[in-house]
Amino acid sequence: MADLPRVVRATAPPQARVDAVQAALEARGLPAAAAVEELGQLAEEAWVPGNGARVVARAWTDPAFRARLLANGRAAVAELGLTLPKHHRHLVVLENTPSIQNVICCTQCSCTAFTVIGLPPDWYKDLEYRARVVRESRTVLREMGLDLPAEVDLRVWDTTADTRYMVLPVRPPHTAGWSEEELAAIVTRDAMIGVARL
Ligand SMILES: [Fe+2]
């Protein structure tokens with residue numbers, strides 16, 4: 001069979017492509033610029049790990065809330081004024097213990113409970129991380145600075161479109177007596193993804 005001719009297309013830089021899509025939407029009467037602006041603002045101000053940190057701090061200090069959170073994450077975070085998009089039907093909260101470490105990932109793409117734990121960091125979306133965290137989780141965590149003793153049971157959870165996860169980290173023993181606000185200040189996005197301990 002004869003070789004088919006190769007089609008070579010020059011790819012425009014991202015900003016030029018964004019501008020083209022935006023112009024096409026605007027031409028059809030869809031206010032793309034306003035939507036982009038709004039999304040940018042939400043991403044920077046509303047979808048931040050500080051939300052999940054408040055949830056964790058409440059769970060550490062209020063056993064009844066903790067029980068509700070573990071039973072139905074979506075309903076429990078609503079008590080703190082936090083909502084998830086409709087298609088995030090379930091928020092499953094995974095409780096770490098000294099002998100269990102939960103880690104979340106999205107092998108398909110980049111799904112997270114972003115309105116609660118914040119938008120995913122770049123490494124979470126990286127093809128290599130997504131592949132390796134399920135195959136050689138312990139090694140990946142060690143490379144990220146979390147060297148778990150062999151007796152710690154490592155559990156990796158793969159996000160789907162409608163089921164989102166957040167990790168409830170172990171409360172550090174030195175925080176006895178701290179206020180909810182002080183506790184929230186030490187909770188990090190990485191701890192809620194499960195690649196770090198506090
Ligand atoms: Fe995804």
Side-chain angles (χ1 to χ4, degrees), residues 11-15 17-18 20-22 25 30 32 35-56 59 69-78 80-96 100-146 148 153-169 187-198:
T11 305
Q15 191 56 51
R17 282 182 274 160
V18 169
V21 171
Q22 199 160 310
L25 289 168
L30 300 165
V36 168
E37 173 92 359
E38 192 193 340
L39 275 176
Q41 202 169 351
L42 283 169
E44 277 173 29
E45 293 164 24
W47 301 334
V48 292
N51 297 333
R54 286 200 293 128
V55 174
V56 170
L69 183 68
L70 294 172
N72 183 340
R74 207 177 205 285
V77 301
L80 301 189
L82 299 174
T83 54
L84 292 100
K86 218 175 196 172
H87 72 281
H88 295 191
R89 291 177 54 221
H90 309 285
L91 175 66
V92 177
V93 179
L94 308 160
E95 187 179 30
N96 279 352
I100 296 170
Q101 180 73 23
N102 294 286
V103 182
I104 63 179
C105 67
C106 178
T107 55
Q108 298 286 327
C109 43
S110 60
C111 303
T112 51
F114 58 83
T115 59
V116 180
I117 69 171
L119 287 166
D122 286 345
W123 55 259
Y124 184 92
K125 299 181 260 187
D126 186 78
L127 274 175
E128 199 180 328
Y129 170 78
R130 282 151 47 193
R132 291 183 65 221
V133 74
V134 287
R135 283 205 311 261
E136 40 178 348
S137 341
R138 212 168 280 272
T139 308
V140 170
L141 291 194
R142 192 180 308 120
E143 288 166 6
M144 296 178 83
L146 180 60
L148 293 170
D153 187 8
L154 195 45
R155 300 178 183 177
V156 181
W157 302 75
D158 192 1
T159 307
T160 62
D162 65 2
T163 300
R164 309 286 163 138
Y165 298 104
M166 85 175 260
V167 173
L168 177 58
V187 179
T188 61
R189 178 198 62 199
D190 287 5
M192 294 184 285
I193 292 176
V195 296
R197 287 188 150 191
L198 299 172

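Just the heavy atoms: all of them, side chains too, but no hydrogens, waters or symmetry mates, feed the values below. Both counts, for ligands and for their atoms, begin at 1 and track the order of listing. Predicted, not measured: the structure shown is a model, and the values here were computed from it. For the single chain, residues carry numbers from 1 onward in sequence order.
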Fill in: Minimum heavy-atom distance T83-T115, with the two atoms named
O-OG1, 2.7 Å

Worksheet item: What heavy-atom pair brings L69 and A76 nearest, and what distance separates the two atoms?
Response: CA-CB, 3.5 Å

Practice prompt. Any chance you could measure I104, atom CD1, to N102, atom CG, to the nearest 0.5 Å?
Written response: 9.5 Å

Practice prompt. Run through the protein N/O/S atoms less than 2.8 Å from the Fe ion (ligand 1) and write them out by chain and number.
Written response: C106 SG, C109 SG, S110 N, C111 N, C111 SG

Validation: residues 187-198 side-chain donor-acceptor distances under 3.5 Å, sequence neighbours left out:
from : atom 1 : to   : atom 2 : distance (Å)
T188 : OG1    : A191 : N      : 3.1
R197 : NE     : Q101 : OE1    : 2.6
R197 : NH2    : T97  : O      : 3.1
R197 : NH2    : P98  : O      : 3.4
R197 : NH2    : Q101 : OE1    : 3.3

Contacts under 3.5 angstrom, residues 119-128 side chains, donor-acceptor by atom type, not counting sequence neighbours:
from : atom 1 : to   : atom 2 : distance (Å)
Y124 : OH     : C111 : O      : 2.8
D126 : OD2    : E128 : N      : 3.1
D126 : OD2    : Y129 : N      : 3.3

Worksheet entry | Partners meeting salt bridge (charged side-chain N to carboxylate O under 4.0 Å, His left out) with R142 (sequence neighbours left out) | D147

